[in-house]
Amino acid sequence: MTRDNDATGRYNFAEIEEKWQKSWETEGLFRADEAGIGEKYYVLEMFPYPSGRIHMGHVRNYSIGDVIARYKRMRGYNVLHPMGWDAFGLPAENAAQKNNSHPATWTYANIAYMRGQLRRLGLSYDWDREFATCDPDYFRWEQLLFIEMFARGLVYQKVTTVNWCESCQTVLANEQVIDGTCWRCDQPVHPKKMNGWFLKITDYAEELLADLDQLSGWPEKVVTMQRNWIGKSTGLNCDFTVEELDCRIAIFTTRPDTVFGVTFMSIAAEHPLLDTLISGTAHEAEVRAFAERILVEKQRQSLAEEVEKQGIFTGRYCINPFNGQRVPIYVANFVLMEYGTGAVMAVPAHDQRDFEFAKKYQLPVIPVVVPEHQELSPDTMVEAATGPGMLINSGQFSGMDSLAAQQAIISHAEAGLFGKAHVTYRLRDWGISRQRYWGAPIPMVHCQTCGVQPVPHGELPIKLPEDAAGSKTCLPLHQRPDFYETTCPRCGEAARRETDTMDTFMESSWYFARFTSPGHQTGPLDKAKAGYWLAVDQYIGGVEHAILHLLYSRFFTKVLRDLGYLGIDEPFINLLTQGMVIKDGAKMSKSKGNVVDPHELIEAYGADTVRLFSLFAAPPERDLEWSSQGVEGASRFLNRVYRMIVQHRSMLENAEVIPDQLSEAGRSLHRKTHQTIRRVTESIEQNFHFNTAISALMELFNSLNASLGEDLHQRPESGVVRQAVAVLLQLLSPMVPHFAAEMWQLVGEENGLEKLPWPLFDAEAAKEDQLTIVIQVNGKVRSRLQVPADIDDNDLISLVMKDQNTVKFLEGNSPKKTIVVKKKLVNIVF
RNA sequence: GCGAGGGUGGCGGAACUGGUAGACGCACCAGACUUAGGAUCUGGCACUUAACCGUGUGGGGGUUCGAUUCCCCCCUCUCGCACCA
């Protein structure tokens, strides 16, 4: 290298990154062990689906996690930072069919490639713990857990109307239907009646809701979304008897205080009692046609749009058990069969939907809850009065406050045995049956005589049939007699294996726990190890999993606890939901054609630059706008640091001990060094705002450069310079680990940077001895003053009063009031 | 409609419990070194102005000596839920 090249040179990232990755690997630096020193810290990023290549979202997610992992190690924690693969799923089947090969081949090839890409980023994972969820060694334990859940009554089968995705040829869970379309392929989802397996997540609804209060380390947004998803409502269940028929219609209401205002009853088009109500009546044909039309329309417009209220009178009446009133029964298009009881007592005066319906079909409106300082008249009301108030026209309850009346009315119904207090949830049980090949088989056997039987533990795992017979390999299991033909584990007679596979969200619901003991051969988890590492201290991933994955994982954690595997209630103590990577105002996606392949970036700039850019461009929770110039900038910064170090290498190697007495410039750099330690540490500790941490480091570098320009590195203050450089590299190392390690070696350090503790902040050194005090006159900034830090108020004020600008802007007036804010400003008011 | 989070230079973004608005970076401009430079170095850079002054954190009002920060009203963007009885 010539001198000229040194001055404008660039560091050889390809060489040094490979060098350090090898070194870390041979040393096993990131292997985690329960016997490790220090408090445990488990940091985890949401593991990827092995789609083929990593994308910018991965880079961002894993860079954030890696900085945290490396930082915590430097802070003396015993850090667990694992990585694995969420490897079951549909794309593998599609690819296999296309290539006439097996999904496993495609999946494991992708894993191998992507593992290489992650290694290339220098991420500090304990690779010894890696697994893929399609490894039989993983899903065998999931099958075992399924059987144990079955034994506990948490698993059942039922025929329901499910969400069917025609293009994926499979059922979807409610959580996987987004705006009426499939979460994976965006195609419309249709209802279909099918038999399937369900997990009783609703058994845990109350706990899942209540424990949200513990999650102070989660973004409020995610907590709110989960709370809304669980959707708890409390109220009254009660029965209305149908006139002339021996049947009752059950309703649920959150407003028992309005029961005296019921003027009709509305039921869903698919309500099971509808048939009984209309068969043999004059209304039958008309109502049936209406109901069918509504159901068809409902399917078509599953998308969000305001639909006009429609209904039809069934010809039947029912009796309000509270006042004996006879009210007509309608079929209405806005009543949901899936929620409550599928029938609603209609109170037009106090419910907007009922109000609109009543106006349209000229049904009476009877106000029964009058808000304070208001009068309600059915003739003048333009909308429903949904607020609280005082009861009128409500028999013995008239005059009561609506809140108190709710309780009283529930008690009244309970005493009269026609109603009961009730809690209902929006959350549905989790349908986990999928009709696809590439998933974990549900370990059940159907026997003609013995019914449903779980597979005996000894026979696990139930593996997927693997033959090399070309395109046949991907056939759904119900088309594979070689798979489903079996014998009953109880009676030994011929029986049929369950052919559904499990929803892939099953695998991701407990992988974080398996990472604590990935090789455990006698059960899903080594309880001691899981007990040591869990819960996850910091979890990082995209907000798109706010409900699906995060809710399922919370549920599984509680189930694992109840099965005796875990001693915790919640899996993730702190959650960071990182923003999306955006380009040209839209999320990077293949369909929009705005993807940037991180692979090429790494080739062009090196892993450290790519990491630095993704950390610097935005705080982690916000969206990150892609900028090729921003990457340039990150690269430029690292090269500047490199050139400075190369240029002053020999001085840095032979630096003096920091002397007691420092020149003004020396003191200034020393101060900046310690202020930077404080700023960077606080940025990371408070909210992982690496962008401000990096800007502080850039400032330190700028000061350092300026000091060198002023020949500060001449003895004896070379020690100050050296310390500034050392601190810069140490603080940079979690973010740009290869670069920092190499520069560390370049300045003559022997010991590995990764093993050194985080630098200590010296408050004394960081203290300013001169302060800039702002002078305001009448609240406007008029001047600035340099003063010693320890100046007392009176001296300060007299200095301020002598200031030229103070005098000028006082315009000869005498001050009425003087406000002194310590170390900040003086405001003179006249 | 309901819920949550945003709106600060040309751009990404800073600003601790009310106290210097615009740190840091990008872009841009000027200069230096150069045969050349999209390399590198130095300096400038909210708007307006020759300068002082003045104006300025979505808009309007309020509290305060002082408001990006607190309060009220409104506009707007993003995300989530969407007839949940």
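A note on names: the letters A, B, ... follow the listed sequences, proteins ahead of strands, and every chain is numbered from 1.
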Checking all strands, does [X] fall into the base, sugar-phosphate, or nothing category for heavy-atom contacts under 4.0 angstrom?
| X | result |
| --- | --- |
| A:S627 | nothing |
| A:K823 | nothing |
| A:P619 | sugar-phosphate |
| A:K780 | sugar-phosphate |
| A:V335 | base |

Taking the [atom1] atom in each of [N] and [M], what is the distance between them to the nearest angstrom?
| N | M | atom1 | answer |
| --- | --- | --- | --- |
| B:rC41 | B:rC33 | C1' | 8 Å |
| B:rC73 | B:rG9 | P | 26 Å |
| B:rU57 | B:rA51 | P | 23 Å |
| B:rC84 | B:rG59 | C1' | 37 Å |

Check: A:N805 side chain, A:V781 main-chain N or O, donor-acceptor pair, under 3.5 Å: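 Checking the backbone N and O of A:V781 against the side chain of A:N805, no donor-acceptor pair under 3.5 Å is found.
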Could you work out which one of [options] sits closest to the side chain of [X]?
| X | options | result |
| --- | --- | --- |
| A:F616 | B:rA15, B:rC52, B:rG12 | B:rG12 |
| A:S695 | B:rA82, B:rA85, B:rC24 | B:rC24 |
| A:V781 | B:rU20, B:rC83, B:rU40 | B:rU20 |
| A:A618 | B:rG13, B:rG19, B:rC53 | B:rG13 |
| A:E699 | B:rC84, B:rG19, B:rC24 | B:rC24 |
| A:I819 | B:rA15, B:rG54, B:rC65 | B:rC65 |
| A:R643 | B:rC41, B:rC65, B:rG19 | B:rC41 |
| A:T224 | B:rG3, B:rA14, B:rA85 | B:rG3 |

Does a side-chain heavy-atom distance below 4.5 Å link A:P219 with A:L575?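 Result yes, sub-4.5 Å side-chain heavy-atom pair found.
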Between A:K817 and A:E625, which has a closest nucleotide on RNA chain B that is more 5'?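 Looking at the nearest nucleotide for each, A:E625 comes out on the 5' side.
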With RNA chain B as reference, determine whether A:V821 or A:T692 sits nearer its 5' end, using the nearest nucleotide of each.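 Result of the comparison: A:T692.
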Could you state the atom-to-atom distance from CZ of A:R10 to P of B:rA39 in whole Å?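 Result: 9 Å.
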Stepwise ring pair (Phe, Tyr, Trp, His ring centres under 6.0 Å) test for A:F616 and A:F637: CA-CA 12 Å; A:F616 180 57; A:F637 171 67; 8.3 Å; no
How are the rings of A:H549 and A:H545 set relative to one another: parallel (under 30°), tilted (30 to 60°) or perpendicular (over 60°)?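 It falls in the perpendicular class, over 60°.
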Can you label the angle between the A:F264 ring and the A:Y330 ring as parallel, tilted or perpendicular, going by 30° and 60°?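 Geometry flag for A:Y330 against A:F264: perpendicular rings.
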Paired and unpaired positions of RNA chain B as dot-bracket, Watson-Crick or G-U wobble under 3.5 Å, | denoting a partner strand: (((((((..(((......[....))).(((((.......))))).((......))..(((((..]....))))))))))))....
Test side chain to side chain contact (heavy atoms under 4.5 Å, CB included) applied to A:I540 and A:F688, step by step: CA-CA 11 Å; A:I540 308 151; A:F688 300 126; over 6 Å; no
